[in-house]
Amino acid sequence: MAIVEKCYQTYEERVQTLIDRNMTINKRSSKHRNVIKNYSYYNVINGYKDLFLKDVSNDIYKDGTTPDQLFALYKFDEKLRIILLEFLLPIEEKLKHSICQSFYEYYLNDENTSTYYKERLHRDTIYQRPEFYDRSNNDKQRKYDKYIEISQSEIGVQYRKGNESIRNYKDTHQYIPMWILFNILMFGNMSKLFVILKKDIKKDVMKKMGVTWNYPDEQNTISQFEKSLEIFTLARNRCAHNERLYTYSHRMPLRDSYMDFRSVLPDPKDTNNYPNRTEMKFGIYSILFLISKFSTLTERKRMIKMISKEIDKLDKSLTVISINEVLTLMNMHHEWDTKL
């Protein structure tokens with residue numbers, strides 16, 4: 001089969017292509033024209049067309065589809081990214097603080113840690129030594145090596161950029177404390193760092209983050225928390241890089257028992273109304289669940305209110321499809337706001 005070349009199209013050619021595919025475009029309408037003229041065809045049209053197609057194989061749109069309706073869905077997704085990022089950043093900050101606190105509390109009170117190390121544990125030449133981390137298998141050893149590599153590389157990058165705190169400590173003290181280093185590391189770095197922490201430190205971090213468990217499920221809960229951090233990392237990156245979010249699936253399994261996830265999911269027996277219950281555990285709804293669990297009650301209510309407002313706004317902009325179709329695609333058509 002010959003591959004069709006994707007050549008650049010002029011504004012007029014893009015408009016005609018959409019008209020040929022049954023999209024309604026009023027060339028005198030600035031609302032229609034501006035969507036095609038001022039925004040990326042790939043990001044808006046190709047990124048959000050799925051629900052509006054009546055013939056997916058040929059990209060034929062449902063009768064009455066207009067550019068501004070796709071744009072409304074695009075803007076909804078944009079707002080969703082902004083909202084999630086607003087609530088993910090405090091969780092990232094809390095994780096960094098908890099790891100730093102737990103690390104120092106553990107080793108400064110550990111009788112097996114020498115006085116020499118305790119007096120110098122604020123230095124990156126000491127706190128990054130391999131004996132302070134879990135390198136019990138090849139994967140963890142690789143993660144440790146990568147963490148050290150990224151940390152030192154980022155210190156160099158920030159120093160050359162003129163980062164004031166990095167330059168000050170490096171020039172004045174010749175070392176970078178952990179709490180300063182964490183300011184320049186990302187959620188993904190912290191997620192990988194958590195995996196190589198000693199078990200007792202992990203448990204203390206989780207307690208500081210509000211995660212509890214029964215003793216027999218201790219290791220399972222640690223594993224689930226690690227997956228939570230991976231999910232947060234993926235969500236944060238998606239938000240920060242302006243990638244489509246509302247239909248995102250992360251494929252990181254969360255157990256029904258983890259932080260009582262089952263309480264916000266439909267009954268497993270209700271397959272008639274919610275045949276995609278399993279998909280809910282991998283999509284945007286699972287991210288909202290995790291954010292709600294690592295936020296205060298006030299923050300959770302505010303997040304739900306902000307998302308609900310954007311859903312109502314989108315609802316008023318749609319005529320060809322319903323808001324329920326959007327929520328169904330998101331696997332959030334089960335009274336998600338009251339569940340959370």
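All values reported here derive from a predicted model rather than from experimental measurement.
- Geometric assessment of Lys202 against the ring of Phe194 yields a positive cation-pi assignment under the 6.0 Å and 45° thresholds.
- Here the closest heavy-atom approach between residue Glu131 and residue Lys198 is recorded as O-NZ, 3.2 Å.
- Residue Ile307 is tested with Lys305, Glu310, Met303 for a side chain to side chain contact (heavy atoms under 4.5 Å, CB included); the sole match is Met303.
- Within 6.0 Å of atom NZ in Lys309, 12 or fewer heavy atoms from other residues, nucleotides or ligands are found, so the atom counts as exposed in its surroundings.
- Ring pair Tyr285/His334 is perpendicular by interplanar angle, where above 60° counts as perpendicular and below 30° as parallel.
- A donor-acceptor pair is defined here as one N or O able to donate and one able to accept, closer than 3.5 Å; no such pair exists between the side chain of Gln101 and the backbone of Ser98.
- Linking ILVMFWY residues whenever their side-chain heavy atoms come closer than 4.5 Å, directly or via other members, places Tyr116 and Leu121 in the same cluster.
- Looking at Leu51, Thr65, Asp50 one by one, the single match for side chain to side chain contact (heavy atoms under 4.5 Å, CB included) with Ile321 turns out to be Leu51.
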Carefully, step by step, assess Asp315 and Ile311 under the rule side-chain contact (heavy atoms from CB on, under 4.5 Å). CA-CA 6 Å; Asp315 186 22; Ile311 290 174; 5.5 Å; no
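- Listed for the Ser286 side chain is a donor-acceptor partner under 3.5 Å among the backbone atoms of Gly283.
- Heavy atoms of other residues, nucleotides or ligands lying less than 6.0 angstrom from CZ of Arg255 number 12 at most.
- Using cut-offs of 30° and 60° on the angle between ring planes, the pair Phe71 and Tyr74 is parallel.
- The only option from Tyr169, Trp179, Tyr175 that meets the ring pair (Phe, Tyr, Trp, His ring centres under 6.0 Å) definition with His122 turns out to be Tyr175.
- Tyr246 OH to Met330 CE: the interatomic distance, rounded to the nearest 0.5 Å, is 8.5 Å.
- Two different hydrophobic clusters hold Leu85 and Ile231 under the rule that ILVMFWY side chains link at heavy-atom gaps under 4.5 Å.
- With a 4.5 Å cut-off on side-chain heavy atoms, Met306 and Phe87 count as touching.
- To the nearest 0.5 Å, atom CD of residue Gln128 and atom CD of residue Gln152 are 5.0 Å apart.
- Lys293 has no carboxylate O lying under 4.0 Å from a charged side-chain N of Asp260, or vice versa, which leaves the two without a salt bridge.
- Of the possible donor and acceptor atoms, none in the side chain of Glu230 sits under 3.5 Å from a partner among the backbone N and O of Met252.
- Considering all non-hydrogen atoms of both residues, Ile291 and Leu84 come closest at CD1-CG, 3.9 Å.
- With salt bridges taken as basic N to acidic carboxylate O contacts below 4.0 Å, one links Lys140 and Asp134.
- Taking all atoms of both residues into account, the shortest heavy-atom contact from Lys339 to Ser263 is CD-O, 4.2 Å.
- We find the CG-NZ distance between Leu181 and Lys96 to be 9.0 Å, quoted to the nearest 0.5 Å.
- The aromatic ring centres of Tyr107 and Tyr117 sit 6.0 Å or more apart.
- Between Tyr144 and Tyr133 the shortest heavy-atom distance is CE1-CD1, 3.7 Å.
- Here the straight-line distance linking atom CG of Leu234 with atom NE2 of His250 works out to 8.5 Å at 0.5 Å rounding.
- Inspection of the Gln16 and Asp20 side chains reveals an N or O donor paired with an N or O acceptor under 3.5 Å.
- Annotation: cation-pi geometry not satisfied between Lys192 and Tyr147 (NZ/CZ under 6.0 angstrom from ring centroid, within 45° of ring axis).
- Proximity of the aromatic rings of His333 and Tyr274 is defined here by a centroid distance below 6.0 angstrom, and this criterion is met.
- Separation of atoms OG (Ser30) and CG (Asn38) is listed at 10.0 Å; rounding is to 0.5 Å.
- Taking the charged nitrogens against the carboxylate oxygens, Lys75 and Glu78 do have a contact shorter than 4.0 Å, which makes a salt bridge.
- Of all heavy-atom pairs spanning Asp256 and Lys281, the tightest one is OD1-NZ, 2.8 Å.
- The minimum heavy-atom distance linking Leu185 with Met190 is given by the pair CB-SD, 4.2 Å.
- Between the side chains of Asp68 and Thr66, at least one donor-acceptor pair of N or O atoms lies under 3.5 Å.
- From Asn237, atom CG reaches atom CD of Glu243 across 8.0 Å, with rounding to the nearest 0.5 Å.
- The 12-atom threshold is exceeded at NZ of Lys118, counting heavy atoms of other residues, nucleotides or ligands nearer than 6.0 Å.
- Salt bridge status for Arg81 with Asp77: present, with a side-chain N to carboxylate O gap under 4.0 Å.
- Few gaps surround CD on Gln174; more than 12 heavy atoms of other groups in view lie less than 6.0 Å from it.
- Counting only N and O atoms by type, the side chains of Glu279 and Ser249 include no donor and acceptor under 3.5 Å apart.
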